[in-house]
Amino acid sequence: QLQLVESGGGLVQPGGPLRLSCAASGSIWDYYAIGWFRQAPGKEREGVSIISLSDGSAYYADSVKGRFTMSRDNAKNMVYLQMNGLISQDTAVYYCAAGRALVFGDYAYDSWGQGTQVTVSS
C-alpha cells in the first residue's frame, strides 16, 4: 500500500514562490509516474505537472509552464513542486498522486495524498 503525504502549502503573495513536497512511503516502484493535481472551489480537478519515476522527465500544463518545476529524489522517495510567479488563479488544494501511466488524466492515478491548500492573495 502506497501512502502519499503533501506538505508546504500556505498563504503567499502574488508573484511569490512556494515549494510543495510529496513524501511517499510504501511500494512506490509499483508505479510509473507521480502527478501534481489541483482543485479550486467550484472547479474540476486538473493536472498540473507529471513526472516519470524512471527517467525524471517532467511535463506541465500550459497554465503553469515556465513558472512551476517538478522534480523527484528517488533516494528519499520525495517529489517536489517548485512554484514561482504565483497568481491568484493558482489558489487551490494541491494533491500528489501515483499513477501507472505518464498522463495528465487523473483516471490513471489510483493512490492520492490528502492535499495541501495553496492560497495566493495579497
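Note that the numbering runs from 1 along the sequence shown for the chain.
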Chemist: Hey, any chance Leu102 and Phe68 share a hydrophobic cluster, counting ILVMFWY side chains that come within less than 4.5 Å of each other, even indirectly?
Modeler: no
Chemist: Which of these, Leu81, Ile50, Leu53, sits in a side-chain contact (heavy atoms from CB on, under 4.5 Å) with Ile34?
Modeler: Leu53
Chemist: Check the hydrophobic clustering (I, L, V, M, F, W, Y; side-chain heavy atoms under 4.5 Å; chains of links allowed) and say if Tyr32 and Leu2 are grouped together.
Modeler: no
Chemist: Which pair of non-hydrogen atoms, one from Leu18 and one from Gly8, has the smallest distance, and what is that distance?
Modeler: CG-O, 3.5 Å
Chemist: Output yes when a side-chain donor or acceptor of Arg38 lies under 3.5 Å from a complementary backbone atom of Thr91, and no otherwise.
Modeler: no
Chemist: Are Val64 and Val12 linked, directly or through intermediate hydrophobic residues, by side-chain heavy-atom contacts shorter than 4.5 Å (ILVMFWY only)?
Modeler: yes
Chemist: Answer yes if Trp36 and Ile28 sit in the same cluster of Ile, Leu, Val, Met, Phe, Trp and Tyr residues linked by side chain heavy atoms under 4.5 Å apart, and no otherwise.
Modeler: yes
Chemist: Just how far is it from atom CD of Gln1 to atom CG of Asp30, taken to the nearest 0.5 Å?
Modeler: 11.0 Å
Chemist: Nearest heavy-atom pair of Ser111 and Leu4: which atoms, and what distance?
Modeler: O-CD1, 3.3 Å
Chemist: Using a 3.5 Å distance criterion without hydrogens, assess whether the side chain of Glu6 forms a donor-acceptor pair with backbone atoms of Thr116.
Modeler: no
Chemist: Taking Gln82 for the side chain and Arg19 for the main chain, is one N or O donor matched with an acceptor at less than 3.5 Å?
Modeler: no
Chemist: Report yes or no: does Tyr59 contribute a side-chain atom to a donor-acceptor pair with the main-chain N or O of Val103 at less than 3.5 Å?
Modeler: no
Chemist: Between Ser122 and Pro14, which heavy-atom pair has the shortest distance, and what is it?
Modeler: N-CD, 3.7 Å
Chemist: What closest approach, in Å, do Val93 and Gly115 show between heavy atoms, and which atom pair accounts for it?
Modeler: CG1-CA, 3.9 Å
Chemist: Report yes or no: is the cationic atom of Arg72 (NZ for Lys, CZ for Arg) under 6.0 Å from the centre of the six-membered ring of Tyr80, at an angle within 45° of the ring normal?
Modeler: no
Chemist: Check for me, please, whether Trp112 and Val118 land in the same ILVMFWY cluster - side-chain distances under 4.5 Å, paths through other members count.
Modeler: no
Chemist: Is a side-chain N or O of Ser49 found less than 3.5 angstrom from the main chain of Met70, in a donor-acceptor match?
Modeler: no
Chemist: Locate the shortest heavy-atom distance separating Ser63 from Glu46; write the atom from each residue and the value.
Modeler: OG-OE1, 4.4 Å
Chemist: Does NZ belonging to Lys43 count more than 12 external heavy atoms closer than 6.0 Å?
Modeler: no
Chemist: Please answer whether the main-chain N or O of Asp55 pairs with a side-chain N or O of Ser52 as donor and acceptor at a distance below 3.5 Å.
Modeler: yes
Chemist: Are the ring centres of Tyr109 and Phe37 closer than 6.0 Å?
Modeler: yes
Chemist: Please find the pair of heavy atoms, one from Ala92 and one from Ala40, that lie closest to each other, and give the distance.
Modeler: CB-N, 3.8 Å
